[in-house]
Protein chains: 2
Amino acid sequence: MNPEKVVCPVDRTLSLINKKWSIQIIRDMFFGKKHFKEFKEDKPNLSNKVLSNCLKDLEKNGLIEKKVLNTSPVTTEYYLTEYGQSMNRIIYELAMFTLDDDLDENYPEDKRDELKNTFRQTLKIDD
Amino acid sequence: MNPEKVVCPVDRTLSLINKKWSIQIIRDMFFGKKHFKEFKEDKPNLSNKVLSNCLKDLEKNGLIEKKVLNTSPVTTEYYLTEYGQSMNRIIYELAMFTLDDDLDENYPEDKRDELKNTFRQTLKIDD
DNA sequence: CGGGATCCGGATGGATACTG
DNA sequence: CAGTATCCATCCGGATCCCG
């Protein structure tokens, strides 16, 4: 339409997290995970190579930060940047989509409310 | 931990939209697109095959509905189901992540406010 | 411990041509 | 117009081995 084509903001956000495991790794970091090995827990299909590439990509996009604490043995920790932390509402809505689905039989009512509170607190959603 | 392992609700939501173009197609449908051809506009890298598979997947997951209106020439329309429409807040937060980033130089302030309103109205966000 | 290097088969993506 | 068929490129996942 215009010579100055405006990119859709949704596309711009997606371009930051378009790797298969990006969102789940960010979610993990909100829940306190910091180490390479921790991100692999509960993700049997995530290989070293893919995780490594994903972490690099997230770092390149400014969402996470890598801190090397020690050499031999190497200790590395990953943290969300402020920019990364501002993804909290996206993660929150992704969780609520499932937790607000009353037809979902995987979550009994009480469990659902408990999980909602957990996410609200962990993601620091204030409203 | 438990014998009855609870799947993270974020993972459950992601499993519904884990194809590369799913979210962008849903976004398009919120903005009124209905036809196969329309979804390909502005997505030069989206091939017929991939789009076809993606639409089938979204339909299988109950997010969209396919209506064949005509044969020769074939006319098909795709619509969001109620379930699909409840993704509105996810799309909204994906847009706001970019539009709330004051350092992003691609959007001057007035343009940003205009876009925010457009998304709020189109996605029927009431708060 | 946190990766990188390599190999490999399979899945996914993309481009083009074609059909009802 | 809405796909299907085909072919090729890329990415993913899994295994294993290695290094500082």
Side-chain angles (χ1 to χ4, degrees), chain A residues 10-11 14-29 31-61 63-81 84, chain B residues 7-8 10-11 14-29 31-61 63-81 84:
Chain A
V10 172
D11 292 347
L14 289 178
S15 72
L16 300 174
I17 51 177
N18 225 348
K19 298 229 172 228
K20 184 172 179 181
W21 301 93
S22 300
I23 298 181
Q24 296 169 61
I25 290 171
I26 293 173
R27 186 266 327 271
D28 284 349
M29 295 179 77
F31 279 85
K33 295 193 179 182
K34 297 189 277 290
H35 300 285
F36 195 88
K37 200 179 181 182
E38 291 176 312
F39 300 128
K40 296 192 69 177
E41 297 166 4
D42 301 320
K43 302 188 196 67
N45 294 340
L46 176 55
S47 69
N48 288 352
K49 186 178 59 178
V50 175
L51 173 55
S52 179
N53 288 339
C54 188
L55 289 168
K56 281 176 189 162
D57 191 66
L58 291 171
E59 193 185 4
K60 190 193 70 191
N61 294 339
L63 295 169
I64 71 173
E65 208 176 349
K66 177 178 178 173
K67 292 182 184 171
V68 180
L69 302 183
N70 217 341
T71 51
S72 72
V74 181
T75 307
T76 308
E77 293 183 352
Y78 294 91
Y79 292 98
L80 288 168
T81 60
Chain B
V7 177
C8 172
V10 172
D11 292 347
L14 289 178
S15 71
L16 300 174
I17 50 176
N18 225 348
K19 300 227 171 227
K20 184 172 178 182
W21 301 93
S22 300
I23 299 180
Q24 296 170 60
I25 290 171
I26 293 173
R27 186 266 328 272
D28 284 349
M29 296 179 77
F31 280 86
K33 294 193 179 182
K34 296 189 278 288
H35 299 285
F36 195 88
K37 200 181 182 180
E38 290 176 313
F39 300 127
K40 296 192 67 179
E41 298 165 3
D42 300 320
K43 304 188 195 69
N45 293 340
L46 175 55
S47 71
N48 290 349
K49 184 180 65 176
V50 175
L51 174 55
S52 179
N53 288 339
C54 188
L55 289 169
K56 282 175 189 163
D57 191 66
L58 290 172
E59 192 185 4
K60 190 193 69 192
N61 293 339
L63 296 169
I64 71 172
E65 208 177 349
K66 177 179 178 172
K67 293 183 185 170
V68 179
L69 302 184
N70 217 341
T71 51
S72 72
V74 181
T75 307
T76 308
E77 292 184 354
Y78 294 93
Y79 291 98
L80 288 168
T81 61

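Listed by residue number, P44(B), N45(B) are the residues of residues 33-46 of chain B with a heavy-atom contact under 4.0 Å to DNA chain C.
Rounding to whole angstrom units, NZ of residue K56(A) and C1' of dG2(C) are separated by 11 Å. In this entry the distance linking CG of L69(A) with C1' of dG3(C) reads 15 Å, nearest Å. Look at CG on N18(A): it is 16 Å from P on dT12(C), rounded to the nearest Å. When rounded to the nearest whole Å, the span between NZ of K20(B) and P of dG13(C) equals 7 Å. The distance from atom CG of N53(A) to atom P of dA5(C) is 10 Å, rounded to the nearest whole Å. One interatomic measurement links the two molecules: CD1 of I25(B) to P of dG3(D), which rounds to 12 Å at whole-angstrom precision. Between the OH atom of Y78(B) and the P atom of dA2(D) there is a distance of 8 Å, rounded to whole Å. dT10(D) atom P lies 18 Å from atom CG of D57(A), rounded to whole Å.
Looking only at distances, a side-chain donor or acceptor of N61(A) sits under 3.5 Å from a matching main-chain atom of L16(A). Not a single donor-acceptor pair under 3.5 Å links the side chain of Q24(A) to the backbone N or O of W21(A).
Summarising the geometry of N18(B) relative to S22(B), their closest heavy-atom pair is N-OG, 4.4 Å, with the distance given to 0.1 Å. Closest approach of R27(A) and D11(B) over heavy atoms only: NH1-OD1, 3.2 Å.
Among the protein residues, K19(A) comes within range of no part of the nucleic acid, since none of its heavy atoms lies under 4.0 Å from any strand.
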Using side-chain contact (heavy atoms from CB on, under 4.5 Å), reason through N53(A) and D57(A) one step at a time and then give a plain yes or no. CA-CA 6 Å; N53(A) 288 339; D57(A) 191 66; over 6 Å; no
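One side chain, N48(A) or K40(A), offers a donor N or O that lies under 3.5 Å from an acceptor on the other.
At dC12(D), none of the side-chain N or O atoms of W21(A) fall inside 4.0 Å of OP1 or OP2 (strictly under the cut-off). Between dT4(D) and S52(B), a contact under 4.0 Å exists linking OP1 or OP2 to a side-chain N or O. Phosphate proximity of dG2(C) to K67(A): absent, as no side-chain N or O sits under 4.0 Å from OP1 or OP2. Applying the 4.0 Å criterion to OP1 and OP2 of dG3(C), one finds that K66(A) has a side-chain N or O inside that range.
The side chain to side chain contact (heavy atoms under 4.5 Å, CB included) test with L63(A) is passed by exactly one of I17(A), I25(A), L80(A): I17(A).
Between the NZ atom in K33(B) and the CG atom in D42(B) there is a gap of 5.0 Å [rounded to 0.5 Å].
Here the side chains of K66(B) and L55(B) are not in contact, with every heavy-atom distance at 4.5 Å or above.
For T76(A), the listed nucleotide lying nearest its side chain is dG2(C); candidates were dT4(D), dG13(D), dG2(C).
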For nucleotides 15-20 of chain D, print each protein N/O atom paired with a nucleotide N/O atom at under 3.5 Å, atom names and distance only.
none

